Amino acid sequence: KMFIFITGNDTEIGKTLVTSLIVKLLSKKNKTKKISIIKPVESGIESFAESDLGFIKKNNKHSKLIEYFNFYTFSDPISPYTASLIEKDKIKFNTLVKKIYEVKKNSDITIIEGAGGLMVPLTPSKKIIDLIQVLESDCYLVVSPSLGTINHTLLSIEALKSRKISFKGIVINQYPENPGISEIYNPVFFSDNKIKINGVIPKMKKDKIPILFSNADKYLSKELGGKFNIKTFIKSRNLLFKKSIL
């Protein structure tokens with residue numbers, strides 16, 4: 001059974017878009033398998049339609065074997081723990097873990113999307129990274145291509161590895177059509193440092209998002225259901241980098 005956790009090296013990094021694309025590809029390649037999408041905790045929403053799960057469902061209407069689960073929802077657009085204090089709805093960590101395992105038991109593929117980054121608190125003592133560790137799921141990290149991403153990404157990977165979490169690689173989101181020097185070289189740096197790149201998602205305006213979904217397999221690796229070729233991508237970045245510094 002496939003059991004993966006999608007997290008990010010920052011908030012608003014594009015986890016939901018990446019998760020939605022992964023769901024699109026895996027459901028297409030596993031048409032007879034039951035897929036469960038879990039957003040354990042979400043804050044800053046008033047209805048399902050405007051939630052992360054709502055976005056994923058909207059872009060994956062083709063499959064009838066996808067189920068969606070959310071266990072804590074808060075209306076304030078702040079960290080889940082702070083929102084839980086304001087709204088007087090305490091997050092029970094052990095109960096959360098139990099509910100996720102119950103979903104996993106009845107699913108062939110279980111995909112969990114976190115809230116914010118790894119160190120976002122859920123309770124006074126438990127963070128997103130604690131949830132990933134306890135679940136013993138594989139973990140993918142969504143990162144930006146821009147200046148600062150090397151620091152944020154390396155710190156996140158170090159935190160994951162210190163917990164002995166099964167880190168599978170990164171997905172670079174919001175990659176610009178005309179990249180600057182940082183966007184050109186950052187993927188090369190990751191590759192040179194043996195950080196597996198499982199996909200590169202181009203930056204697009206909201207009204208162009210359907211184009212992403214119609215060509216989803218171009219942007220994600222084989223293990224996530226796509227055809228993205230990292231060697232070809234890195235070769236092209238190296239050539240661009242050399243031209244830029246000449």
Side-chain angles (χ1 to χ4, degrees), residues 4 6-29 50 52 54-62 111 113-114 116-117 139-157 167-246:
I4 63 174
I6 311 298
T7 187
N9 68 357
D10 204 349
T11 189
E12 298 297 325
I13 206 74
K15 296 185 302 297
T16 303
L17 176 62
V18 172
T19 301
S20 194
L21 288 167
I22 292 171
V23 172
K24 169 88 173 181
L25 293 178
L26 292 180
S27 61
K28 185 178 179 181
K29 294 207 169 190
E50 65 183 29
D52 290 345
F55 177 86
I56 295 170
K57 187 173 184 178
K58 178 183 176 182
N59 290 288
N60 286 281
K61 293 178 179 177
H62 61 284
I111 303 172
E113 183 196 330
C139 180
Y140 292 87
L141 186 69
V142 180
V143 308
S144 86
S146 308
L147 183 66
T149 195
I150 289 176
N151 176 67
H152 297 338
T153 302
L154 292 183
L155 285 173
S156 296
I157 293 172
F167 170 63
K168 306 299 286 185
I170 64 173
V171 175
I172 301 173
N173 188 37
Q174 293 281 306
Y175 198 85
E177 185 177 356
N178 298 301
I181 196 68
S182 290
E183 289 92 351
I184 291 170
Y185 189 70
N186 286 341
V188 177
F189 175 87
F190 291 137
S191 180
D192 287 348
N193 282 271
K194 302 192 181 340
I195 296 169
K196 186 173 183 181
I197 301 175
N198 290 99
V200 177
I201 315 297
K203 185 176 184 178
M204 286 191 180
K205 293 181 180 179
K206 283 187 177 181
D207 61 341
K208 301 293 183 182
I209 291 296
I211 296 173
L212 280 179
F213 285 91
S214 63
N215 297 283
D217 60 347
K218 288 171 55 178
Y219 310 122
L220 292 169
S221 65
K222 185 177 180 180
E223 66 188 75
L224 293 176
K227 300 174 182 175
F228 175 74
N229 190 315
I230 183 57
K231 290 183 179 179
T232 301
F233 179 74
I234 293 300
K235 184 178 180 180
S236 70
R237 298 310 90 181
N238 267 314
L239 288 173
L240 271 178
F241 182 68
K242 288 175 183 176
K243 288 180 180 179
S244 299
I245 62 176
L246 287 178

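Note that this is a predicted model, so its numbers are computed, not measured. Residues take their numbers from the sequence shown, with the count starting at 1.
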Trainee: Keeping to residues at least two apart or across chains, list the salt bridge (charged side-chain N to carboxylate O under 4.0 Å, His left out) pairs with something in residues 171-194.
Mentor: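 Non-adjacent pairs meeting salt bridge (charged side-chain N to carboxylate O under 4.0 Å, His left out): zero.
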Trainee: Would you please name every residue forming a ring pair (Phe, Tyr, Trp, His ring centres under 6.0 Å) with Phe233, sequence neighbours left out?
Mentor: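 If we apply the ring pair (Phe, Tyr, Trp, His ring centres under 6.0 Å) test to Phe233, skipping adjacent residues, the hits are Tyr175, Phe228.
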Trainee: Please assess Asn59 against Leu212 for the test side-chain contact (heavy atoms from CB on, under 4.5 Å), listing each intermediate value before the final yes or no.
Mentor: CA-CA 10 Å; Asn59 290 288; Leu212 280 179; over 6 Å; no
Trainee: Which pairs with one or both residues in residues 209-231 pass salt bridge (charged side-chain N to carboxylate O under 4.0 Å, His left out), sequence neighbours excluded?
Mentor: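 Those involving residues 209-231 are Lys196-Glu223, Asp217-Lys227.
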Trainee: Taking the side chain as C-beta and beyond, is there a heavy-atom pair between Cys139 and Thr7 under 4.5 Å?
Mentor: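 Yes - at least one pair of side-chain heavy atoms lies under 4.5 Å apart.
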Trainee: Going by heavy atoms in the side chains, are Leu224 and Tyr140 under 4.5 Å from each other?
Mentor: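 Answer yes - side chains close enough.
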Trainee: Considering residues at least two apart in sequence or located in another chain, which fulfil the side chain to side chain contact (heavy atoms under 4.5 Å, CB included) criterion with Leu147?
Mentor: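 Per chain and number, Leu147 pairs via side chain to side chain contact (heavy atoms under 4.5 Å, CB included) with Ser182.
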Trainee: State which residues pass side chain to side chain donor-acceptor pair (under 3.5 Å) with Thr16; sequence neighbours excluded, sorted by chain then number.
Mentor: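 With neighbours one apart ignored, the set is Asp52, Glu113.
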Trainee: Does Asn186 reach the main-chain N or O of Pro145 with its side chain, forming a donor-acceptor pair under 3.5 Å?
Mentor: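 Judged by distance alone, yes, a pair lies under 3.5 Å.
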Trainee: Glu12: what forms a side chain to side chain contact (heavy atoms under 4.5 Å, CB included) with it, not counting sequence neighbours?
Mentor: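 Partners of Glu12 by the side chain to side chain contact (heavy atoms under 4.5 Å, CB included) criterion come out as none, since no residue qualifies.
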Trainee: Check step by step if side-chain contact (heavy atoms from CB on, under 4.5 Å) holds for Leu17 and Phe55.
Mentor: CA-CA 8 Å; Leu17 176 62; Phe55 177 86; 4.1 Å; yes
Trainee: Can you list the steps and then say if Ile197 with Ile195 is a side-chain contact (heavy atoms from CB on, under 4.5 Å)?
Mentor: CA-CA 6 Å; Ile197 301 175; Ile195 296 169; 5.6 Å; no
Trainee: Anything under 3.5 Å between a donor and an acceptor, one on a side chain of residues 201-208, the other on a protein residue two or more places apart or in another chain? List them.
Mentor:
none

Trainee: Using the side chain to side chain donor-acceptor pair (under 3.5 Å) criterion, which residues pair with Thr153? Sequence neighbours excluded.
Mentor: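 Checked Thr153 against side chain to side chain donor-acceptor pair (under 3.5 Å); matches are Asn9, Thr149.
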Trainee: Could I get the full list of side chain to side chain contact (heavy atoms under 4.5 Å, CB included) partners for Thr11, not counting sequence neighbours?
Mentor: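 Residues passing side chain to side chain contact (heavy atoms under 4.5 Å, CB included) with Thr11: none at all.
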Trainee: Going from CD1 on Ile234 to CG on Leu239, what distance comes out if it is rounded to the nearest 0.5 angstrom?
Mentor: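 Taking CD1 in Ile234 and CG in Leu239, the distance rounds to 11.5 Å.
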Trainee: Would you mind reporting whether Ser144 and Asp10 have side-chain heavy atoms less than 4.5 Å apart?
Mentor: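 SC-SC contact between Asp10 and Ser144 ruled out.
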Trainee: With a 4.5 Å limit on heavy-atom distance, are the side chains of Val171 and Ile6 in contact?
Mentor: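 No, side chains not in contact.
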Trainee: Can you name the residues that form a side chain to side chain donor-acceptor pair (under 3.5 Å) with Ser146, not counting sequence neighbours?
Mentor: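 With sequence neighbours excluded, Ser146 shows a side chain to side chain donor-acceptor pair (under 3.5 Å) to no residue whatsoever.
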Trainee: Can you find a heavy atom in the side chain of Phe189 that is under 4.5 Å from one in the side chain of Leu154?
Mentor: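 Side chain of Phe189 against side chain of Leu154, heavy atoms only: contact under 4.5 Å found.
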Trainee: Checking Ser214 now: which residues fulfil side chain to side chain donor-acceptor pair (under 3.5 Å) with it, not counting sequence neighbours?
Mentor: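 In terms of side chain to side chain donor-acceptor pair (under 3.5 Å), with neighbours along the sequence ignored, Ser214 is linked to no residue.
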Trainee: Would you say the side-chain atoms of Asn60 pair up with the backbone N or O of Lys24, donor to acceptor, closer than 3.5 Å?
Mentor: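 Checking the backbone N and O of Lys24 against the side chain of Asn60, a donor-acceptor pair under 3.5 Å is found.
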Trainee: How far apart are the closest heavy atoms of Gly225 and Leu26, and which atoms are they?
Mentor: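 That closest heavy-atom pairing would be N-CD2, 4.1 Å.
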Trainee: So, using ring pair (Phe, Tyr, Trp, His ring centres under 6.0 Å) as the criterion, who are the partners of Phe241 when residues are at least two apart?
Mentor: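 Result, ring pair (Phe, Tyr, Trp, His ring centres under 6.0 Å) vs Phe241: Tyr185.
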Trainee: Are side-chain heavy atoms of Tyr219 and Val200 found at a separation under 4.5 Å?
Mentor: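 Sidechains of Val200 and Tyr219: no contact.
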